[in-house]
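The structure under discussion appears below in the form of structure tokens.
In what follows, chains carry the letters A, B, and so on, assigned in the order in which the sequence lines appear, proteins first and then strands, with residues in each chain numbered from 1. This structure is a prediction, so every number in the text was calculated from the model and none was measured.
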Amino acid sequence: MPLTLSRVLLLQQSRSLPVAVVFCVFRCSNEHRLLQVPAAATSPAIAARFTTTRPFSTMARHTAPAAAPTAAASSSSTSKSSTATTARAAPATEVSRKNPLAATKPTTTGARAGSWADALLPYLERPETFPATHVHSFSADHVVVLDQFPKSKVHLLVMPRARVGPRGKYLASVEDLDPDNEAHVLVVEQLTEVCGEVEQEMRTKYPQLEFRVGIHTVPSMRHLHVHVISQDFISDRLKTKQHWNSFTSEFFVPWERVKATLAAGQRIKMDKAAAEALLKRPLVCHKCSKAARTMPDLKKHLETHAPLAIAGSSPREENVDSPLA
DNA sequence: GTTCTAGAAC
DNA sequence: GTTCTAGAAC
């Protein structure tokens with residue numbers, strides 16, 4: 001039987017395969033070429049992002065039918081949240097097999113109901129219906145979602161589920177938050193706690209990665225979501241200058257700053273024109289400030305900063321008896 | 001000729 | 001948010 005990613009993770013989790021073996025770089029069937037899995041990478045959906053040559057198109061997307069969870073996915077329950085978080089190991093249900101957008105209901109925040117801007121809504125309404133490839137964990141108050149177009153190796157979204165926005169709707173963005181509203185203050189406290197827990201969990205699982213927690217000044221998605229994103233930016237889904245600048249310029253606002261502003265009794269008011277200008281900034285490496293002419297150039301450069309375990313396969317590795325070379 | 005960007009459509 | 005693609009850049 002070929003040693004697939006799913007099987008390796010299953011064996012590792014059932015303790016029948018030493019962690020060291022999983023950590024090794026090995027070659028398997030035509031399905032996968034070089035496979036590098038960190039020792040602690042027990043979340044299959046995220047661990048899959050550490051597969052340097054596995055096409056990301058094999059992962060489920062927002063707008064595509066959700067894949068049924070693999071055996072490995074069904075056995076992953078590592079969250080130990082202190083806020084009654086339920087780690088996901090849900091079966092793929094009718095809802096999750098359909099296009100999530102099909103389940104959206106009319107909203108009152110402007111854009112057409114059921115549009116792409118509402119793609120996060122089904123996660124808020126029925127987090128229990130999604131497989132572990134989509135929902136990391138949830139409680140009555142929050143849901144932690146795996147971004148389906150991750151711009152880094154680890155990219156999650158933390159969302160509040162309280163319907164305390166205008167007219168009893170979900171909060172659309174941080175601009176909805178009122179520092180004088182007790183329910184909103186509670187939401188901010190809970191979000192801060194969950195974000196902290198998720199960030200810590202990811203730091204523990206992926207000690208070679210750095211993380212940032214924050215929001216986009218002008219979010220494209222309608223429902224309030226906080227990004228927990230690793231700082232490698234090694235991802236096939238990172239494609240445009242706008243993607244890059246949205247996470248590496250001041251367009252990305254640290255959650256701590258949002259929290260501090262509200263704690264000072266001020267509402268959040270974004271300068272959208274200034275923010276949009278940030279997205280058009282020239283490409284500059286977030287680690288060493290090296291300028292890049294094009295996105296492909298920048299992405300090549302980012303590989304030089306990536307931790308060894310997640311960097312793309314080196315020319316040397318590619319030359320070692322690759323079955324596909 | 002190919003690569004890459006950026007704007008329209010969804 | 002993504003996809004598609006015209007045309008700019010090389």
Side-chain angles (χ1 to χ4, degrees), chain A residues 45 49 55-67 96 98-107 109-125 127 130 133-136 143-160 170-176 212 214-230 233 235-249 251-253 270 272-273 275-285 290-303 312:
Chain A
R49 294 177 193 164
F56 273 59
S57 58
T58 60
M59 295 176 64
R61 306 179 188 184
H62 275 315
T63 51
S96 60
K98 289 178 180 172
N99 180 350
L101 292 180
T104 58
K105 291 175 179 169
T107 65
T109 47
R112 199 157 48 87
S115 76
W116 52 263
D118 284 320
L120 297 174
L121 182 58
Y123 295 124
L124 291 172
E125 294 186 319
F130 289 91
T133 49
H134 284 55
V135 171
H136 165 275
V143 59
V144 182
V145 174
L146 281 77
D147 194 301
Q148 295 301 297
F149 295 88
K151 304 305 184 293
S152 242
K153 286 295 179 184
V154 177
H155 187 179
L156 301 118
L157 308 175
V158 181
M159 306 176 67
Y170 293 111
L171 293 159
S173 75
V174 291
E175 291 187 304
D176 277 352
R212 287 186 83 198
I215 59 165
H216 279 155
T217 304
V218 186
S220 295
M221 295 295 193
R222 200 189 313 266
H223 299 97
L224 173 53
H225 55 280
V226 185
H227 298 266
V228 177
I229 184 167
S230 58
F233 297 107
S235 169
D236 288 349
R237 297 296 185 184
L238 182 78
K239 295 179 177 178
T240 69
K241 175 186 276 188
Q242 179 165 328
H243 288 159
W244 176 252
N245 284 330
S246 74
F247 285 103
T248 60
S249 75
F251 189 91
F252 186 86
V253 181
M270 299 298 191
K272 295 186 173 58
E276 300 287 355
L278 289 170
L279 298 178
K280 299 182 190 300
R281 281 198 331 188
L283 298 172
V284 176
C285 174
K290 185 180 191 296
R293 194 176 58 83
T294 66
M295 277 303 289
D297 288 345
L298 175 65
K299 287 166 70 73
K300 278 194 204 105
H301 173 76
L302 291 175
E303 296 274 356

Could you tell me whether H216(A) contacts a base, only the sugar-phosphate backbone, or nothing, with contacts defined as non-hydrogen atoms closer than 4.0 Å?
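Result for H216(A) = sugar-phosphate.
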Working to the nearest 0.5 angstrom, can you tell me the gap between T294(A) OG1 and K299(A) NZ?
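So the OG1 of T294(A) and the NZ of K299(A) are separated by 11.0 Å.
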Polar pairs (N or O, both sides) under 3.5 Å between protein and nucleotides 1-8 of chain B?
from	atom 1	to	atom 2	distance (Å)
dT5(B)	OP1	M295(A)	N	2.8

Expected output: side-chain [X] to main-chain [Y] donor-acceptor under 3.5 Å:
X	Y	result
N245(A)	R281(A)	yes
E125(A)	Y123(A)	no
S152(A)	I229(A)	no

Residues forming a ring-ring contact (aromatic ring centres under 6.0 Å, His included) with H216(A), sequence neighbours excluded
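For H216(A), the residues satisfying ring-ring contact (aromatic ring centres under 6.0 Å, His included) (neighbours in sequence not counted) are H227(A), F247(A), F251(A).
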